[in-house]
Amino acid sequence: MRTDTDIGATVLGYPRFGPQRELKWAVESYWSGSIDQTELEGRAATLRADTWREMADGRLDTIPGNTFSYYDHVLDTAWMLGAVPPRFSDLGLAPLDTYFAMARGRASVPALEMTKWFDTNYHYLVPELGPDTSFTLDVTKPVGEYREAVAQGIATRPVILGPVSFLLLSKPHAGAPQGWDPLDLLEPLLDTYDHLLTELAEEGVAWVQLDEPCLVEDRSPGELEAVTACYGRLGSLEKRPKILVATYFGTPGPALPHLATAPIEGIALDLVTTEPTGVALVAHDLADKIVVAGVVDGRNVWRTDLDTALKKVVPLLGLAGSVALSSSCSLLHVPYDADAETDIDPEVRSWLAFARQKLAEIVVLQKALTDGPDSVADEVGAARSVVERRLGSSRLRNAAVRERLEGLAGSRPSRGAYRTRLSEQRSLGLPVLPTTTIGSYPQTREIRRLRSDFASRKVEREEYESVMRAEIESVIRLQEEIGLDVLVHGEPERNDMVQYFAEQLDGYVATQHGWVQSYGSRGVRPPILFGDVSRPSPMTVEWSQYAQSLTNRPVKGMLTGPVTMLAWSFVRDDQPLAETANQVALALRDETVDLEEAGLRVIQVDEPALRELLPLREVDRASYLDWAVASFRLATSGVSDSVQIHTHMCYGEFSDIIAAIEKMDVDVISLEASRSQMGVLDDLDGSDFTRSVGPGVYDVHSPRVPTVEEMTNLLVKAVGAVGSERLWVNPDCGLKTRHYDEVVPALNNLVAAAAAIRGIQS
Ligand code: GLN
Ligand code: ZN
């Protein structure tokens, strides 16, 4: 058995904003002016040193470097390459402030666009390129961090976004000619990467890791040619470090031969999301390469079955020059330390592995390869028994839930025909172009404080409930005054649209410190779905019923859909996602039935993450959409035809899922649209979408108050595309991050815009 000693046990990246979110506090203090740049840099250096120390103490053989970021690693790459759009350099700010301006914008200068990092919950900043872009290399960050680690006695492997993915993740700037493609910049970009690699070699860097996650998506022949051109050229450089090209979040598939034949030294493969299919096909080209096998899940939180992980590596052993072991992707996507979760029941906690625990797993696996499986028999046995205890635990199974789902299997739950429901729902008495909001109202500091005081038992239930009721009442009265048609209770009791439900469902636990970076200084704390999900008691009924009791206008009940519940959680890996989604759906179904019984006639089930979980490869999409739609229908088809079902989605680009959205069989959908100037309407126009739709006319992500005229214009466009009969009028998303002094005038204008259109129509 040939095993690698050059890379050995490693990870592709590590969490970077600190176990106590130190970087968040430092960066935000810098932004608010309470610390200066020197202080910020000092804290960042300490954090980096701690990170390298932690990986070294974890006994990894080699340690990734340059994984630190003040905000985002794609932004760092653009910065390193000098791809700074003039609207930022023209501000004349100090370099660090220019960098932050690109991330966050300035008064009149919009930030770079932020978008999702593949199918994760991390968001990156989209570089803007054009034919006029000229790259100028600034190696301060990668070289500086390499030197810092060396001073600490640690020789790191700098991690840098690869040239092909950098271009594929970028977009043409507004001035670029139609049809111009960032890949046109490959040649000049490679000149810059040549310099970079030469500089790193001169610095003494032995290995560089070039990340090419875009290769796990479907790529055109031209793009694959770019891969060959890129690594053919970088690999032929005279003076350079050894090159490890890392792919993750799936299999490189057809891109693999392009990497295998390239003159590079290593390829990292994600063996968690996919089996190493295709590796055999290119085996002869792997004979001189190190394959870094990502067998420890970098995106989920369960302890690894080391035995199974080793078995995945076996087929590689005869094919690759040598094999090193790693996480399937950067550990950026998991929290730091499961041992810190002292509030989680010890049985469940024993099943968990966060970043720190994953290091240990990888080291054991590498030892099994190097010294033979017997050398780590105890560790492998212990891991095996933890996994067996988890899978055999009675806490994973709820017979009643399983029986109910089995009873439903085969029957496709559905409601009466859409047309029939429409006439039933006339009893709601809504005008044409009904106005509504997406659910949440501004969360004032008092409300947030009350919630956290109640959670930490500083406030009694009675006081908590009475303040919440007062808040709901004031939100209802406000909506009546503004003249909205379908009201909401405002969601003051919810910290987060997923966590709120997770805390009330069996089969879920919440973490105390399990933060992962979402973007910049923002973290999220995804709850952990470990077992069969069930609903011990109603979750939202009391608040919604109370809200409805205050008004004659219809109040919308407000739930989070099954796909979003999974997308924003860590989810059990012992059964298909579809099954887990159905269990969540069943709990939601019971909730909708209870809401109807309590007198609610409109219910919204949010699915903002439906698009987000869409598989990266086309071949996997249809089956995903099938189960996603089925779970939504299971959740929403238990109510009478007279109950109007709404859903809401908010992350652009709906064109490729419109047919699936139609199949969700809702009565009304609200969509984010105002940022794209109603671009979504082009997708709907000419599609077979028949439901009522509220394209957002008020961009809630901006503090700006849109005028009546602006919103009227957007509505005119919308009437043109879908007609007035099925048009709703609403903001883009929930209002919880806004302030009342923006929201009240904006909603007044929104209602006036709807009235103006009704006036034209009649
Ligand atoms: N009902 C939620 C709210 O208004 C929806 C949030 C979302 O779409 N992300 O806050
Ligand atoms: Zn939204």
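Computed from heavy atoms alone, side chains included, the values below leave out hydrogens, waters and symmetry copies. One-based numbering, in listed order, for ligands and for the atoms of each.
Residue Asp606 holds the heavy atom nearest to atom 2 (C) of ligand 1 of all those in Thr560, Asp496, Asp606. Relative to atom 8 (O) of ligand 1, the option among Glu672, His648, Lys736 with the closest non-hydrogen atom is His648.
With ligand atoms numbered from 1 in the order given, ligand 1 contributes 4 (O) to contacts under 4.0 Å with heavy atoms of Gly439. In the vicinity of Ser440, heavy-atom distances shorter than 4.0 Å reach the ligand 1 atoms 3 (C), 4 (O), 10 (O). Near Cys733, the atoms of ligand 1 lying under 4.0 angstrom from a non-hydrogen atom of the residue are 7 (C), 8 (O), 9 (N). Those atoms of ligand 1 with a heavy atom of Gly734 less than 4.0 angstrom away are 3 (C), 4 (O), 10 (O).
For the residue pair Tyr508 and Ser569, a side-chain donor N or O sits within less than 3.5 Å of a side-chain acceptor on the partner. In this model, no donor atom of one side chain and acceptor atom of the other lie less than 3.5 Å apart for Asp667 and Gln644.
A cation-pi arrangement is absent between Arg611 and Phe654 under the rule of less than 6.0 angstrom and at most 45 degrees off the ring axis.
At a heavy-atom cutoff of 4.0 Å, ligand 1 is contacted by the side chain of Met558 but not by its backbone.
Looking at atom 9 (N) of ligand 1, its nearest protein heavy atom turns out to be Met497 SD, 3.5 Å.
When all heavy atoms of Thr647 and Val605 are compared, the pair lying nearest together is OG1-O, 2.6 Å. In terms of heavy-atom proximity, Val498 sits nearest to Pro527 at CG1-CG, 3.9 Å.
The pair Glu662-Arg691 counts as a salt bridge, with a side-chain nitrogen and a carboxylate oxygen less than 4.0 angstrom apart. Glu480 and Arg477 are joined by a salt bridge, as a carboxylate oxygen and a charged side-chain nitrogen come within less than 4.0 angstrom of each other.
At least one heavy atom of Glu491 sits less than 4.0 Å from an atom of ligand 1.
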